[in-house]
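Below is the structure I would like to discuss, written out as structure tokens.
Along the sequence shown, residues carry numbers from 1.
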Amino acid sequence: MSDPSLTPAMRVLRFCLHLMVAGLLAIAGVRAAADGGASGPKVIIAICALAAVYGAGPLLHPVRTRAPAAAWWLAAVTATWLVLLALTPDGVWLAFPLFFVQLHLLPRRWALTAVAITTVLAIAGFGWHTHTLTPGTVIGPVLGAAVAVAVALGYQALYRESEQRRRLIEELTATRGELAAAEHAAGVLAERERLAREIHDTLAQGLSSIQLLLRAAERAQLSGRSAVALDHVRHARHAAVDNLAEARRFVRALSPPGLEAGSLPAALVRLCATTSRTSPLTVHCQISGTPAELPTPHEVALLRIAQSALANTVQHANATHAELTLSYMDTEIALDVVDNGHGFDPGALPVHGGSESGSGSGFGLIAMRARTSALHGALTLETAPGQGTALAVALPLPAREGVDV
């Protein structure tokens with residue numbers, strides 16, 4: 001009767017039920033004492049017994065937690081009430097709160113049976129004391145029983161609906177937490193992939209260029225060409241400064257320094273010139289079509305793909321010449337990088353990208369495909385052993401406002 005799972009409304013109803021029982025017992029006791037009859041002391045004793053048995057229910061832990069104990073307690077309350085009903089007609093008043101106790105503690109079928117029996121006993125007891133049976137003595141208990149059943153069943157329906165709503169809210173809350181965790185994990189994974197691509201296309205390629213320059217400087221120094229060695233060291237220092245700027249910018253998710261200093265074509269021209277100057281590879285850059293302003297993600301992706309493609313050519317292709325072409329078209333923009341290196345077998349690449357050479361890490365092509373796919377573009381690789389390599393990337397351009405297609 002004091003289950004911790006009860007709702008605040010149920011606790012209020014329970015308190016009101018206890019208060020009703022106490023009030024009705026008090027009224028019956030006052031009337032018995034005021035009558036001064038011979039049965040008055042017996043009625044008062046029965047009232048005290050009923051109050052003691054009823055009051056013990058909420059205090060006893062088994063009654064509050066176990067259905068069998070509650071049923072036995074209810075039987076004791078009913079028996080004591082029958083004793084009171086046999087002593088005074090005022091006992092019929094206690095039938096109404098007893099209906100609610102029965103409907104609360106017993107299963108529905110048994111509760112309705114108990115309410116019906118209690119109603120009959122109340123009518124019979126009152127008729128036995130008054131030696132008469134009028135429509136009022138019948139309708140009163142029957143109407144009280146009907147009201148109690150309607151209120152109890154209505155509250156139970158509302159309680160079930162409230163429980164369903166509570167469970168639904170808990171499920172929604174749990175689902176929202178799972179979605180938030182999934183979004184967080186996806187965000188962490190996306191950021192890791194972004195940093196991996198940026199590190200590969202900037203720091204890793206820059207460190208490789210610095211290594212080649214320092215190696216060339218070492219050979220020049222050993223052969224007595226100090227001026228050439230110094231020139232290589234100077235280029236290596238410039239490459240280190242540029243890569244330091246790249247590192248600071250991609251950590252803050254900013255545009256590459258090459259794009260901050262100008263347009264994409266200008267950045268590609270500088271990239272080709274720097275590659276030609278710091279490596280044995282001669283790169284020719286060509287811009288086709290009318291240059292137009294591109295979304296920043298397109299420019300960043302094309303520049304990074306060009307950097308990675310040229311770095312792969314320098315490290316793995318053993319090429320002497322490469323052609324980089326940026327083509328502006330009506331609905332897409334294309335980047336082509338073609339070299340005269342030794343090429344490789346595309347069928348030997350792993351499923352998720354693969355190595356551009358037998359010794360490469362294979363992450364460069366994976367990163368280029370990821371950048372292209374993120375912008376709904378297409379990447380095509382054509383190569384064969386001894387026939388060079390051709391890399392083509394095509395990115396669709398977003399529709400321009402105010403232009404009829």
Side-chain angles (χ1 to χ4, degrees), residues 193-194 197-198 200-202 205 246 249-250 253-276 281-314 317 319 321-341 343-344 346 349 353-354 356 363-384 387-405:
E193 291 179 351
R194 183 188 75 85
R197 289 195 301 266
E198 296 293 343
H200 177 271
D201 294 341
T202 57
Q205 310 298 359
E246 289 276 11
R249 282 167 172 78
F250 79 67
L254 299 178
S255 299
L259 294 178
E260 289 184 350
S263 62
L264 175 62
L268 293 177
V269 170
R270 287 193 296 271
L271 172 65
C272 294
T274 301
T275 304
S276 299
L281 180 67
T282 301
V283 185
H284 177 255
C285 182
Q286 181 179 355
I287 308 300
S288 175
T290 303
E293 184 177 355
L294 299 175
T296 300
H298 286 62
E299 293 187 340
V300 173
L302 291 172
L303 178 59
R304 294 305 191 201
I305 291 173
Q307 289 175 328
S308 182
L310 291 179
N312 289 334
T313 301
V314 171
H321 182 77
E323 289 284 341
L324 186 149
T325 305
L326 180 67
S327 303
Y328 288 88
M329 291 171 278
D330 293 336
T331 59
E332 64 180 15
I333 184 168
L335 176 70
D336 297 280
V337 180
V338 181
D339 65 61
N340 63 348
F344 59 94
L349 294 177
E356 289 79 0
F363 187 79
L365 187 57
I366 296 176
M368 285 188 278
R369 291 190 187 279
R371 291 184 186 276
T372 305
S373 177
L375 297 175
H376 308 288
L379 184 146
T380 304
L381 182 67
E382 295 181 1
T383 184
Q387 297 183 13
T389 302
L391 176 73
V393 175
L395 300 180
L397 295 177
R400 301 178 183 177
E401 297 181 1
V403 178
D404 295 333
V405 180

Query raised in the report: Which atom pair, heavy atoms only, marks the closest approach of Leu395 to Gly377?
Result: CD2-CA, 3.9 Å
Query raised in the report: Is there a donor-acceptor contact under 3.5 Å from the side chain of Thr383 to the main chain of Gly343?
Result: no
Requested in this report: Mark yes or no for whether Thr274, through its side chain, and Arg270, through its backbone, hold a donor-acceptor pair below 3.5 Å.
Outcome: yes
Report task. Heavy atoms only: give me the nearest Arg371-Ala301 pair and the separation to one decimal. Result -> CD-O, 4.2 Å
Requested in this report: Please tell me if the side chains of Tyr328 and Leu294 come closer than 4.5 Å, counting only heavy atoms from C-beta onward.
Outcome: yes
Query raised in the report: How long is the gap from CG on Leu302 to CG on Leu335, to the nearest 0.5 Å?
Result: 5.5 Å
Query raised in the report: With no hydrogens and no angle check, is any side-chain donor or acceptor of Ser308 less than 3.5 Å from a backbone partner on Arg304?
Result: no
Requested in this report: Check the surroundings of atom CD in Glu382: do more than 12 heavy atoms from other residues, nucleotides or ligands lie under 6.0 Å from it?
Outcome: no
Report summary line: When every non-hydrogen atom of Ile287 is compared with those of Cys285, the smallest separation belongs to CD1-SG, 4.2 Å
**Report entry** Rounded distance (nearest 0.5 Å) linking atom OG1 of Thr290 with atom CE of Met329
**Finding:** 12.5 Å
**Report entry** CD1-CG distance between Ile305 and Leu310, expressed to the nearest 0.5 angstrom
**Finding:** 12.0 Å
Query raised in the report: Nearest heavy-atom pair of Ala394 and Glu332: which atoms, and what distance?
Result: CB-OE1, 3.8 Å
Query raised in the report: Taking the side chain as C-beta and beyond, is there a heavy-atom pair between Met368 and Leu381 under 4.5 Å?
Result: no
Requested in this report: Answer whether the closest heavy-atom distance between the side chains of Leu365 and Leu379 falls below 4.5 Å.
Outcome: yes
Query raised in the report: Partners of His284 by side chain to side chain contact (heavy atoms under 4.5 Å, CB included), sequence neighbours excluded?
Result: Gln286, His321, Glu323
Query raised in the report: Roughly how far, to the nearest 0.5 Å, is the OG atom of Ser327 from the CD1 atom of Ile333?
Result: 8.0 Å
Report summary line: Heavy-atom nearest pair, Ala306 first then Leu324, reads CB-CD1, 3.9 Å
Query raised in the report: Is there side-chain contact between Pro295 and Pro398, with at least one heavy-atom pair below 4.5 Å?
Result: yes
Report task. Rounded to the nearest 0.5 Å, what's the gap from CG on Leu264 to CG on Leu326? Could you check? Result -> 5.5 Å
Requested in this report: Enter the distance from Asp336:CG to Leu391:CG here, rounded to the nearest 0.5 Å.
Outcome: 8.0 Å
